[in-house]
Amino acid sequence: MNRTRIISVLTENYIGKTVTVCGWVRSKRESKGVAFVALNDGTSQDTLQLVIPDTASAFKELHCINTGAAIRAEGLIKKSPGKGQSCELEVNGITVYGNADAEKYPLQKKGHTLEFLREIGHLRPRTNTFGAVFRVRNILSDAVHEFFQKRGFIWVHTPIITASDCEGAGDLFTVSSLDFEKLPMHENGDIDFSHDFFGKRAFLTVSGQLEAEFLALSLGDVYTFGPTFRAENSNTSRHLSEFWMIEPEMAFADLTDDIKLAEDFVQYLCSKVLEKCEKEIAFFQKFYKNTSIEELKDLAEKPFTRITYTQAIEELEKAKKAEFEFPVKWGLDLQSEHEKYLTDNIFKGPVVVTDYPKEIKAFYMRLNEDGNTVAAMDVLAPKIGEIIGGSQREERLDILKNRMTDASVPVKSMEWYLDLRRYGSAPHAGFGLGFERLVQYITGMPNIRDVIPCPRTPQHIRF
RNA sequence: UCCCGGGUAGCUCAGCCGGCAGAGCGGAUGGCUGUUAACCAUCUUGUCGGGGGUUCGAAUCCCUCCCCGGGAGCCA
């Protein structure tokens, strides 16, 4: 079908041209001599105004052109005499592909709550809000690849199904082809996974990091961008059971390089959104007020605050102790309230916290000279909390082995990981960024379930 | 999983110290010479989340289950 996208009609000069547009009716306003239809085809934040004079044959079809109807309209693009739009389509002919019963169609010509829209996940992309979210999400996805490709990083595809259950990143989903009605059992009552598809228990990945490490230690700079699965019973506005993660890994790099990459990365993504999603951001600013063009400009330009964990503890101790529910003490992990205090109250922007005590971080993080802290870094964002977690990896075989033992990581199944330290080991570093949290941060959407088309959370797998 | 708050019309919510179920929006119809979530008039709408109990009488009080939201933990 030969159709012109509404974004083109609105942003390029079509005045005086005859076009055909297709889309879904957002609203219809009828007067005696003329009717107006606001049409949206998903390509733009704004609608195209269709003008239907009572002389047009289409005027008789107005009764079945309700909010939600899918239509095709052709006519002449004219300069609009009305306020609110620069051009409009004077309709010559209209085809109704699918009407929508106005009495039953759930999307009314009015605002809806995000909670209600979550119940109609299949229709919510037709709203202003979700159209904007998914367009911004797309620009961000594209910018992820653009950023890394420009810098010579290789996109690697780490496995979705994995046998390693020792990444320390939480509970895993088991992947099995066993007949659940007739499970093969060991004598002690455990399930015998040797009869399963892979001959051993398999899982959905919780992180591609360990695989990305061996790819970095051969290809140099690599990144992953794919789905990640966590079977944790987390019920918050910033957790999903299925989410997308971006994990760059760099050979011959230390923590400073890692932090710089994280900062450049977030700033690049942010500037791309400012460049390509002006209307969408303006929309979020107007209706959700959790984000603004000014804030995003700051984010894209100002260097992130960098402090060590030890400094963070000192800053928090300076704050009135009564303000915190949880204790602030060197050696204890930072709680949400502490992270929020750092980003929202003290530094008023993203904060990179580095060099955490080794006891509260993963075994693969490189031990610092002091023997107490590791070369870790978390990027904390205002309101959201941690959006990036990264580290320089432990490349020294003996120290890594000790840390695995201390952390009760089964060394036996990790021999391949240790091999990387036996043969041509090199300093390397990387991080993981939760893509939806970034989309949340940039759009200001309060709930992570509203930045992914089909959110998966405990007890929820509709749509 | 824990702690709070909530579930009443298609949507948003009022009613909750027990006594005939309401408003706004939406939708329908009519009016209006260009509207902007149009406007004006009229009409339309119920398993008061489910089950049980107390009572002459329960949306309202009690018990229980389910669902939704906010916060916390786990993390990205």
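This is a predicted model, so every value here is computed, not measured. So that the names make sense, note that chain A is the first sequence line, chain B the second, and so on, each numbered from 1.
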Legend entry - Among Phe265(A), Tyr223(A), Trp155(A), ring-ring contact (aromatic ring centres under 6.0 Å, His included) partner for Phe147(A): Phe265(A)
Inset, instruction - Using atom CD of Glu115(A) as one end and atom C1' of rG10(B) as the other, report the distance to the nearest whole Å. - result: 17 Å
Inset, instruction - Could you give the distance separating rA14(B) and rU60(B) at their C1' atoms, to the nearest angstrom? - result: 13 Å
Inset, instruction - Indicate yes or no: at least one non-hydrogen side-chain atom of Val266(A) is less than 4.5 angstrom from one of Phe304(A). - result: yes
Inset, instruction - Determine the Euclidean distance between corresponding C1' atoms of rG27(B) and rU45(B); express it in Å to zero decimal places. - result: 9 Å
Legend entry - Asp298(A) with Lys302(A): basic N within carboxylate O range, under 4.0 Å: yes
Legend entry - rG71(B) OP1/OP2 closer than 4.0 Å to side-chain N/O of Lys340(A): no
Legend entry - More than 12 heavy atoms of other groups within 6.0 Å of Arg5(A) CZ: no
Legend entry - Under-4.0 Å side-chain N/O to phosphate OP1/OP2 contact, Arg118(A) with rC67(B): no
Legend entry - Salt-bridge criterion met for Arg137(A) and Glu436(A) (N-O under 4.0 Å): yes
Inset, instruction - Pick base, sugar-phosphate or nothing for Leu240(A), based on heavy-atom distances below 4.0 Å to the nucleic acid. - result: base
Inset, instruction - Search all heavy atoms of Thr127(A) against all heavy atoms of Arg26(A) and return the closest pair with its distance. - result: C-NH2, 3.7 Å
Inset, instruction - Verify the stacking flag for Phe243(A) against rA76(B): centroid separation must be under 5.5 angstrom and the ring planes must differ by under 30 degrees. - result: yes
Inset, instruction - Indicate, with a heavy-atom threshold strictly under 4.0 Å, whether Phe116(A) touches base, sugar-phosphate, or nothing. - result: sugar-phosphate
Inset, instruction - Could you let me know what rU60(B) is paired to, Watson-Crick or G-U wobble, both distances under 3.5 Å, or none if it's on its own? - result: none
Inset, instruction - Using a strict cut-off of less than 4.0 Å between a Lys/Arg side-chain nitrogen and an Asp/Glu carboxylate oxygen, indicate whether Arg151(A) and Asp264(A) qualify as a salt bridge. - result: yes
Legend entry - Phe326(A) and His338(A) aromatic centres sub-6.0 Å: no
Legend entry - From CD1 (Ile7(A)) to CG (Leu48(A)), nearest 0.5 Å: 11.5 Å
Inset, instruction - Please tell me which of the listed nucleotides, rA72(B), rG27(B), rA76(B), lies nearest to the side chain of His239(A)? - result: rA76(B)
Inset, instruction - Taking only the side-chain nitrogens and oxygens of Ser31(A), find out if one of them lies under 4.0 Å from OP1 or OP2 of rU35(B). - result: no
Legend entry - Integer angstrom distance from the P of rC61(B) to that of rC17(B): 6 Å
Inset, instruction - Describe the nucleic acid contact of Gln335(A) in one word from base, sugar-phosphate, nothing, applying a heavy-atom distance below 4.0 Å. - result: sugar-phosphate
Legend entry - Touch class at under 4.0 angstrom, heavy-atom based, for Thr113(A) against every strand present: sugar-phosphate
Legend entry - Side-chain-base donor-acceptor pair under 3.5 Å for Glu88(A) and rG34(B): yes
Legend entry - Whole-Å distance separating the CG atom of Asp333(A) from the P atom of rA72(B): 14 Å
Legend entry - Interatomic distance at C1', rC2(B) relative to rG73(B), whole Å: 8 Å
Inset, instruction - Quickly work out the Leu89(A) CG to rU35(B) P distance and round it to whole Å. - result: 19 Å
Inset, instruction - Classify the nucleic acid contact of Glu30(A) as base, sugar-phosphate or nothing, counting any heavy atom under 4.0 Å across all strands shown. - result: base
Inset, instruction - Assign Pro106(A) to base, sugar-phosphate, or nothing according to its heavy-atom contacts below 4.0 angstrom with the strands shown. - result: nothing
Legend entry - Phosphate contact (rA37(B) OP1 or OP2) by His112(A) side-chain N/O below 4.0 Å: no
Short N/O separations, protein against nucleotides 40-50 of chain B, under 3.5 angstrom:
none

Inset, instruction - Kindly say whether, by distance alone, the side chain of Gln85(A) makes a donor-acceptor pair under 3.5 Å with the base of rU36(B)? - result: yes
Inset, instruction - Have a look at Gly84(A) and say if it touches a base, only the backbone sugar-phosphate, or nothing, with a 4.0 Å heavy-atom cut-off. - result: nothing
Legend entry - Whole-Å gap separating C1' (rA23(B)) and NZ (Lys110(A)): 12 Å
Inset, instruction - Report yes if at least one side-chain N or O of Lys109(A) is closer than 4.0 Å to OP1 or OP2 of rA37(B); otherwise report no. - result: no
Inset, instruction - May I have the distance from Ile388(A) (atom CD1) to rC75(B) (atom C1'), rounded to whole angstrom? - result: 14 Å
Inset, instruction - Look through every strand shown and name the nucleotide pairing with rC16(B) as Watson-Crick or G-U wobble, where both distances are under 3.5 Å. - result: none
Dump the pairs, protein N or O against N or O of nucleotides 1-6 of chain B, anything under 3.5 Å, distances to one decimal.
residue: rU1(B); atom: OP1; partner: Asn233(A); partner atom: ND2; Å: 3.0
residue: rU1(B); atom: O4; partner: Asn235(A); partner atom: ND2; Å: 2.8

Legend entry - Separation of the P atoms in rG6(B) and rC20(B), to the nearest angstrom: 24 Å
Legend entry - Donor/acceptor link under 3.5 angstrom from Gln108(A) side chain onto base of rG10(B): yes
Legend entry - Residues from residues 6-29 of chain A lying under 4.0 Å of RNA chain B - heavy atoms: Ser27(A), Arg29(A)
Inset, instruction - Using distance alone, with no hydrogens and no angle criterion, decide if Thr308(A) and Tyr356(A) have a side-chain donor and acceptor under 3.5 Å apart. - result: no
Legend entry - Gap between atoms CD and P, on Glu247(A) and rA76(B) respectively (whole Å): 9 Å
Inset, instruction - Pick the C1' atom in rA41(B) and in rC62(B), then give their distance to the nearest Å. - result: 48 Å
Inset, instruction - Would you mind pulling out the nucleotide paired to rU42(B), Watson-Crick or G-U wobble, both distances under 3.5 Å? - result: rA28(B)
Inset, instruction - Answer yes or no for Lys286(A) and Phe283(A): cation-pi contact, defined as NZ/CZ to six-membered ring centre under 6.0 Å and angle to ring axis within 45°. - result: no
Inset, instruction - Using heavy atoms to find the nearest nucleotide of RNA chain B for Thr67(A) and Ser80(A) separately, return the residue whose nucleotide is more 5′. - result: Thr67(A)
Legend entry - C1'-based separation of rU12(B) from rC48(B) [nearest Å]: 16 Å
Legend entry - Rounded interatomic separation in angstrom, taking CG from Leu334(A) and P from rA72(B): 14 Å
Inset, instruction - May I ask which nucleotide in the shown strands pairs with rU54(B), Watson-Crick or G-U wobble, both distances under 3.5 Å? - result: none
Inset, instruction - Can you tell me, in whole Å, how much space there is between the C1' of rG15(B) and that of rA9(B)? - result: 14 Å
Legend entry - Nearest-neighbour nucleotide for the Lys83(A) side chain, rA28(B), rU36(B), rA72(B) considered: rU36(B)
Inset, instruction - Let me know the distance between CZ of Phe36(A) and C1' of rC39(B), rounded to the nearest Å. - result: 13 Å
Inset, instruction - Look up atom OG in Ser237(A) and atom CZ in Arg449(A), then write down how far apart they are to the nearest 0.5 Å. - result: 7.5 Å
Inset, instruction - Any strand is fair game: report the nucleotide pairing with rA72(B) by Watson-Crick or G-U wobble, both distances under 3.5 Å, or none. - result: rU1(B)
